[in-house]
> 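A single structure is presented below for examination.
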Amino acid sequence: MDQQKKPFHHALRINKELCIGCSRCMRVCPTEALRVIDGKATLHPEWCIDCGECFKVCPVKAILVEDDDIARIFQFKHRLLLIPSIFFAQFEEKLTLDAIKGILYDMGFTELCTVEQGADILVDEINRYVEEFKGEKPVLSSYCPAVVRLIQVSFPSFADQIMRLIPPLEITAQYYRREYEKNGVPLEDVGIFYVTPCAAKIAAIKAPVGGYVSPINGVINMSELYNKVFLAYKQKGTSENEHCTLIHSSLSSVGIHWPTTGGEAVNIKGRALAIDSMPNVIDFLERLENEEIKGVDFLELRGCDMSCCGGILVQDNRFLIKERIEKLAEELPKKHMLDQEFRNVCSGYIPMEPVEPRAMIKYHPDITIALQRMEEASRLRGLLPDIDCGACGAPTCEALAEDIVCNRATMEHCVIRHAYQADAEMIEKIWGKKRFRE
Ligand code: SF4
Ligand code: SF4
């Protein structure tokens, strides 16, 4: 099935029972993928990019993350947990790395390894890629899956500029899968699990882009695992588990910085910029589209504020996490100890295929019908009050006009027009004569 037709996998779900229809989520959604219908938030699956902005603002926790049950690990004899440095950096210093590792072993994981081991070998690969890139620059990082989806749906003309190299997480997962295989372990006995700081990574693992198939068997919610580890520590103290070592714990200072803002860009030769948080990323891409920004070789784009430190499933304060990462980095070697071995094993599978654009079809797939609808929507916009109040269940008056021409709403949805018809005098009072006349 081609990527254009394959539905997006979504890691976020709206619990309609809990939703109170407050429309907070709708107002922050960067792709206008939400509407409030019959008093409940409703998601457009082709437009949602799993960025989690809606999750952050819901006052009643009606937006849920669909992760894998941790009990799934027991389906496998070998249970490898891939741990991002962000996970360790959430704990205060008194809960040492050894203590965390011990608790994770006690929970049933048989091997642990750090995710960002895969970052070191990417540095040279990205630099080579950027240098040899024949298309329009900047090359856009493929690290943040929410941004990759944003580009697919909202900036499809940039899809060709997305770097065709898999992220560190997948490099590390591929490496260890091959290690098990090399050591004669049947692959059906191996369960590879990842602790995720966000929903977008769940969606990306379940439905990767670039013709790639992830070897990761399950994704565990970082917030839940954090609470479990913390509770175990509070109840039992540090674990005496004798096997509590990280396998190949050769994380470098390059690797540990990778999930933080600038962690990728700082390693790139040429002019490389790091942009974080969804509004900034969108603003930057719009400027790039309008050719206001030129001469950039590489763009690191991360959907969350302070990159993965600000992921929606991260429990601790993002500034404190960043501070702890800096501290941990001081004790790490500059380079990955397994670099050459890693390079030899991984070099073949780092490239991926192009990421397909999936431009939002707002009006109709047929261009003639789409143009007619667009024209009609523009006429309707002139009849709407242009105040983007959201009371109609659409995020803006423009979005309501689009919904009306696509038969998803009617003019009756505009409560201001209703009120206007009911009490023009009152509206004039609120808006003032000038605006009212206009
Ligand atoms: S996850 Fe992001 S794109 Fe999807 S509905 Fe929520 S805010 Fe919109
Ligand atoms: S933020 Fe969205 S999902 Fe949450 S209660 Fe309000 S409308 Fe419902």
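One-based numbering, in listed order, for ligands and for the atoms of each. Note: hydrogens, waters and symmetry copies are ignored here, and every other heavy atom, side chains too, is used.
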> Output the list of atoms in ligand 2 that are nearer than 4.0 Å to some heavy atom of Ile63, sorted by atom number.
3 (S)
> Show me which atoms of ligand 2 lie under 4.0 Å from any heavy atom of Cys22.
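Contacts of ligand 2 toward Cys22, numbered from 1: 1 (S), 5 (S), 6 (Fe), 7 (S).
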> Within a strict 4.5 Å, meaning less than it, do heavy atoms of the Tyr363 and Gln372 side chains meet?
no
> What is the distance from atom CD1 of Ile83 to atom CD of Glu116, rounded to the nearest 0.5 Å?
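Output value for this atom pair is 10.0 Å.
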> What atoms in ligand 2 come closer than 4.0 Å to a heavy atom of Ile20?
5 (S), 8 (Fe)
> What protein heavy atom sits nearest atom 4 (Fe) of ligand 2, and how far off is it?
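Of every protein heavy atom, Cys58 SG, 2.4 Å lies nearest to atom 4 (Fe) of ligand 2.
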> Centre-to-centre under 6.0 Å for Tyr176 and Tyr180, is that the case here?
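So the answer is no for these two rings.
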> Do Leu313 and Asp67 have side chains that get closer than 4.5 Å, going by heavy atoms?
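When only atoms from C-beta onward are counted, Asp67 and Leu313 do not touch, as no gap falls below 4.5 Å.
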> Between His413 and Arg35, is any pair of side-chain heavy atoms under 4.5 Å apart?
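A side-chain contact is absent here, since even the closest heavy-atom pair is not under 4.5 Å.
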> Is it the case that more than 12 heavy atoms not belonging to Glu17 sit under 6.0 Å from its CD atom?
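Open.
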> Quick one: sort the Phe193 and Phe76 rings into parallel, tilted or perpendicular, breaks at 30° and 60°.
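Perpendicular: the ring planes of Phe193 and Phe76 meet at over 60°.
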> Could you tell me, atom by atom, which parts of ligand 2 come under 4.0 Å of a heavy atom of Pro59?
1 (S)
> If the cut-off is 4.0 Å to any non-hydrogen atom of Ser23, which atoms of ligand 2 fall inside it?
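This gives 6 (Fe), 7 (S) as the contact atoms.
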> List ligand 2 atoms under 4.0 Å from Gly21, heavy atoms only on the residue side.
7 (S), 8 (Fe)
> Quick check on atom 2 (Fe) of ligand 2: does Cys25 put an N/O/S atom closer than 2.8 Å to it?
yes
> Please determine whether the number of non-hydrogen atoms from other residues, nucleotides or ligands lying under 6.0 Å from atom CD of Glu326 exceeds 12.
yes
> What are the protein N/O/S atoms, named by residue and atom, that sit under 2.8 Å from atom 4 (Fe) of ligand 1?
Cys48 SG
> For atom 8 (Fe) of ligand 2, what is the nearest protein heavy atom, given as residue, atom name and distance?
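For atom 8 (Fe) of ligand 2, the nearest protein heavy atom is Cys19 SG, 2.3 Å.
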> Let me confirm one number: the CD1-CD1 distance from Ile205 to Ile216, rounded to the nearest 0.5 Å.
4.0 Å
> With a 6.0 Å cut-off on the ring centroids, do Tyr349 and Tyr212 count as close?
no
> Going by the order shown, which atoms of ligand 1 are within less than 4.0 Å of some heavy atom of Pro30?
7 (S)
> Should we say atom CZ of Arg72 is surrounded by more than 12 heavy atoms from elsewhere, each under 6.0 Å from it?
yes
> For ligand 2, which atoms have a heavy atom of Val60 less than 4.0 angstrom away?
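Per the distance check, 5 (S).
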